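A short write-up of the structure that comes next.
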Amino acid sequence: SGHWPTVPANPTQEDARAALAMLEDVFIDFPWEQPSGRSVAVAALLSILARPAVQGAVPAFILDANDSGFGKSLVADTICTIATGRDPAPVHYPSNQANADEEVEKILGGAAMGGAAVLCWDDLDVSNPFGGSAIQSVITTRDTRSFRILGKTGQVVLPWRAITLATGNNVQTTRDMERRVYRARIVAKWPSAAARPLDSYTHPERKGRLIEYVTEQRQALVIAALTVLRAYHLAGRPAVPGVIEHEGFEAWSRLVPSAIAWAGGASLSAHRPVSSSQRSPEQLALETVCAFWGALCETVAPGTGMLQVGGAVKFLYPCLLYTSDAADE
């Protein structure tokens with residue numbers, strides 16, 4: 001509501017830098033593990049505003065913390081208040097793995113029916129990793145998806161445009177979810193939120209009233225976000241060193257992370273979970289073969305690549321070619 005100022009018609013890169021600095025300043029007082037965590041929060045904000053301009057899927061954003069009370073949910077509230085003018089109305093992610101996909105599917109269907117711009121999963125339980133076929137499917141949805149709607153039979157095809165946020169302490173994800181998310185982690189340096197000294201804040205006057213602050217400044221912050229995006233677009237969306245295109249989210253990569261880096265922000269690549277940290281059972285088995293190869297091998301039949309172990313010929317060499325890591329080893 002109210003009179004909105006006009007987005008600059010021809011913003012420059014310097015305009016984009018100033019606008020990005022204004023946005024990052026909103027998130028400066030959260031105790032991020034890495035300062036670039038601010039860029040992840042800004043990326044989530046820009047993704048909500050830029051979603052209609054992205055012809056493709058948009059990844060999820062996890063706001064993680066090592067302890068309760070240090071602001072992970074407040075980050076989500078702040079992002080949504082700027083982007084939409086209201087809280088995200090967070091939903092509960094099932095704490096029990098049994099029937100979790102079915103429960104998640106119902107929530108997703110309801111969000112799609114309501115045309116949600118944001119879906120925020122709050123307070124993820126560490127005992128049930130975030131992921132599963134239902135949520136993973138919508139995150140990689142380019143446009144529409146088939147949903148089962150609560151109280152109705154059959155499937156309904158609906159547009160899916162919501163940006164997925166999630167908050168929790170020491171959040172765990174499924175292996176297939178890793179490539180679909182960016183994670184910004186808050187690490188507390190104090191025994192409790194109450195023990196945090198006031199002089200540790202860059203803006204102590206905002207303590208306890210950040211939502212009020214961004215509500216008061218919302219028009220200027222939205223204009224700043226649109227300025228970053230518009231300036232980068234009018235510049236021809238140039239390639240930016242250090243920005244790695246995210247497979248499956250290419251259209252988004254060429255807009256949001258690139259615009260942030262072009263405006264002087266940090267690369268988001270450091271906030272992608274490393275999938276190699278959770279190896280598949282097949283890869284672990286092959287690595288075991290490699291590790292004990294010498295102990296098993298008595299002779300190798302010349303020119304065959306076949307091991308003669310205990311008198312029996314084992315066709316192990318072709319198996320090693322399944323993974324490049326094992327083959328290199």
Side-chain angles (χ1 to χ4, degrees), residues 16-48 60-88 90 118 120-126 130 165-172 181-222 224-225 228 242 257 260-261 263-273:
R17 289 181 184 276
L20 180 64
M22 179 187 295
L23 296 173
E24 290 195 335
D25 183 69
V26 171
F27 303 99
I28 198 169
D29 279 323
F30 294 96
W32 303 105
E33 182 177 38
Q34 304 176 58
S36 55
R38 299 194 298 267
S39 293
V40 177
V42 172
L45 167 61
L46 296 188
S47 296
I48 298 169
F61 300 90
I62 295 177
L63 304 167
D64 189 20
N66 69 327
D67 203 356
S68 301
F70 287 95
K72 59 189 181 297
S73 295
L74 180 57
V75 176
D77 291 347
T78 303
I79 291 168
C80 293
T81 299
I82 298 172
T84 70
R86 56 184 64 86
D87 288 346
V118 185
C120 182
W121 302 94
D122 191 40
D123 201 19
L124 300 183
D125 194 315
V126 69
F130 184 49
L165 304 180
T167 71
N169 294 328
N170 305 307
V171 175
Q172 303 296 309
V181 304
Y182 285 80
R183 182 194 300 259
R185 182 167 170 82
I186 290 172
V187 175
K189 305 173 184 177
W190 309 275
S192 68
R196 182 177 179 179
L198 195 62
D199 61 9
S200 68
Y201 290 85
T202 302
H203 298 289
E205 72 281 1
R206 297 181 193 169
K207 180 184 178 183
R209 63 176 306 273
L210 183 60
I211 296 299
E212 288 85 348
Y213 168 76
V214 297
T215 300
E216 293 166 1
Q217 301 295 321
R218 181 173 176 246
Q219 292 184 353
L221 293 168
V222 170
V228 173
I260 291 173
S267 170
L268 301 186
S269 59
H271 294 274
R272 288 186 61 183

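Note that the structure is a prediction, hence the values are computed from the model and not measured. Along the sequence shown, residues are numbered consecutively beginning with 1.
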Do [X] and [Y] have side chains that approach each other closer than 4.5 Å (heavy atoms only, starting at C-beta)?
X: Lys207; Y: Asp29; value: no
X: His271; Y: Phe61; value: no
X: Pro204; Y: Asp199; value: no
X: Ser39; Y: Glu24; value: yes
X: Val42; Y: Val228; value: no
X: Val126; Y: Val171; value: no

Review point. Would Arg185 and Asn170 count as a side chain to side chain contact (heavy atoms under 4.5 Å, CB included) if you check the C-alpha gap in whole Å, the side-chain angles of each, and the deciding distance to 0.1 Å?
Key: CA-CA 9 Å; Arg185 182 167 170 82; Asn170 305 307; 2.9 Å; yes
Shortest non-hydrogen separation from [X] to [Y] and the atoms involved:
X: Ala224; Y: Met22; answer: CB-SD, 3.9 Å
X: Ile260; Y: Ala266; answer: CG2-O, 3.9 Å
X: Gly69; Y: Lys72; answer: N-NZ, 4.4 Å
X: Phe70; Y: Ala193; answer: CZ-N, 3.4 Å
X: Asp122; Y: Ser73; answer: OD1-OG, 3.0 Å
X: Ala188; Y: Asn66; answer: N-OD1, 3.0 Å

From [atom1] ([X]) to [atom2] ([Y]), nearest 0.5 Å:
X: Glu212; Y: Arg206; atom1: CD; atom2: CZ; result: 12.5 Å
X: Ile62; Y: Gln172; atom1: CD1; atom2: CD; result: 10.0 Å
X: Tyr213; Y: Ile211; atom1: OH; atom2: CD1; result: 12.5 Å
X: Leu74; Y: Thr78; atom1: CG; atom2: OG1; result: 4.0 Å
X: Asp77; Y: Ile79; atom1: CG; atom2: CD1; result: 9.5 Å
X: Cys120; Y: Asp87; atom1: SG; atom2: CG; result: 10.0 Å

Check your understanding: Can you tell me if Arg272 uses its side chain to pair, donor with acceptor, with the backbone of Tyr182 under 3.5 Å?
Key ->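 Pair absent, no side-chain N/O of Arg272 close to backbone of Tyr182.
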Check your understanding: Side chain of Ser267, backbone of Gly242: donor and acceptor closer than 3.5 Å?
Key ->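 At least one qualifying donor-acceptor pair exists.
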**Study point:** Test side chain to side chain contact (heavy atoms under 4.5 Å, CB included) applied to Val40 and Phe27, step by step
**Key:** CA-CA 10 Å; Val40 177; Phe27 303 99; over 6 Å; no
Exercise for review: Determine, step by step, whether His203 and Asp25 satisfy the side chain to side chain contact (heavy atoms under 4.5 Å, CB included) criterion, reporting the C-alpha distance in whole Å, the side-chain angles of both residues, the deciding distance to 0.1 Å, and the verdict.
Suggested key: CA-CA 9 Å; His203 298 289; Asp25 183 69; 2.8 Å; yes
Check your understanding: Which is it for Arg38 and Trp32 under the side chain to side chain contact (heavy atoms under 4.5 Å, CB included) test, yes or no, and what are the steps along the way?
Key -> CA-CA 8 Å; Arg38 299 194 298 267; Trp32 303 105; 3.4 Å; yes
Exercise for review: Please report the C-alpha distance between Arg209 and Glu216 in whole Å, then the side-chain angles of each, then the deciding distance to 0.1 Å, and finally whether the salt bridge (Lys or Arg N to Asp or Glu O under 4.0 Å) criterion is met.
Suggested key: CA-CA 11 Å; Arg209 63 176 306 273; Glu216 293 166 1; 2.9 Å; yes
